[in-house]
Amino acid sequence: MSGESERDPAATGKQTPSAAADRSRAVNLLALRAVVAAYLVYLGASLIYGELTGASSLPPAAAWLAGLLFLVGGGLFGLFTWRRWRAESETAKQPPENDDAP
């Protein structure tokens, strides 16, 4: 009995609907988190650039501190985003476990 329905989806290269949904969710979260990380980096760079050009209304120490905090926070959030996406992608690639198997 070697019917098409008995084949393992991972062995044939096809994804199950739940695996495809998990992968799609992982990509959507990656995009959202990447936008947030990029915006945090942009805010930090804007604060520092404004201080360097003299366009900032903040005290110099506050502009530098806030700018660096946003830059570091955005970078760390970007790193978290990348690692989380890789983990979610690996989880989506794994075949589902059958609890019904004998």
Asks: Who pairs with R84 by salt bridge (Lys or Arg N to Asp or Glu O under 4.0 Å), at least two apart in sequence or on another chain?
Replies: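 Partners of R84 by the salt bridge (Lys or Arg N to Asp or Glu O under 4.0 Å) criterion, ordered by chain and then number, come out as E88.
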Asks: Do you know which two heavy atoms are closest between L30 and T81, and how far apart they sit?
Replies: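 Minimum heavy-atom separation between L30 and T81: CD1-CG2, 3.6 Å.
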Asks: Test question: given the 4.5 Å side-chain rule for I, L, V, M, F, W and Y, name all other residues clustered with V72, or answer none.
Replies: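 V72 shares its hydrophobic cluster with L76.
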Asks: Tabulate below the donor-acceptor pairs under 3.5 Å that side-chain atoms of residues 49-65 make, not counting sequence neighbours, or state none.
Replies:
from, atom 1, to, atom 2, distance (Å)
T53, OG1, Y49, O, 3.0
T53, OG1, G50, O, 3.4
S56, OG, L58, N, 3.1

Asks: How far apart are the closest heavy atoms of A66 and L47, and which atoms are they?
Replies: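 What the structure gives for the nearest pair is CB-CD1, 3.8 Å.
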Asks: List for me each residue that meets ring pair (Phe, Tyr, Trp, His ring centres under 6.0 Å) alongside F77, sequence neighbours excluded, and say none if there are none.
Replies: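 Per chain and number, F77 pairs via ring pair (Phe, Tyr, Trp, His ring centres under 6.0 Å) with F80.
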Asks: Share the residues that join L29 in a hydrophobic cluster, the rule being Ile, Leu, Val, Met, Phe, Trp or Tyr side chains under 4.5 Å apart at the heavy-atom level.
Replies: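 Same cluster as L29: nobody, lone residue.
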Asks: Taking L32 as the starting point, is it possible to reach V35 by hopping between hydrophobic residues whose side chains are less than 4.5 Å apart?
Replies: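 No, V35 does not connect to L32 through the hydrophobic network.
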Asks: With the 4.5 Å side-chain cut-off for hydrophobic clustering, are Y42 and L69 part of the same group?
Replies: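 No, no single cluster joins them.
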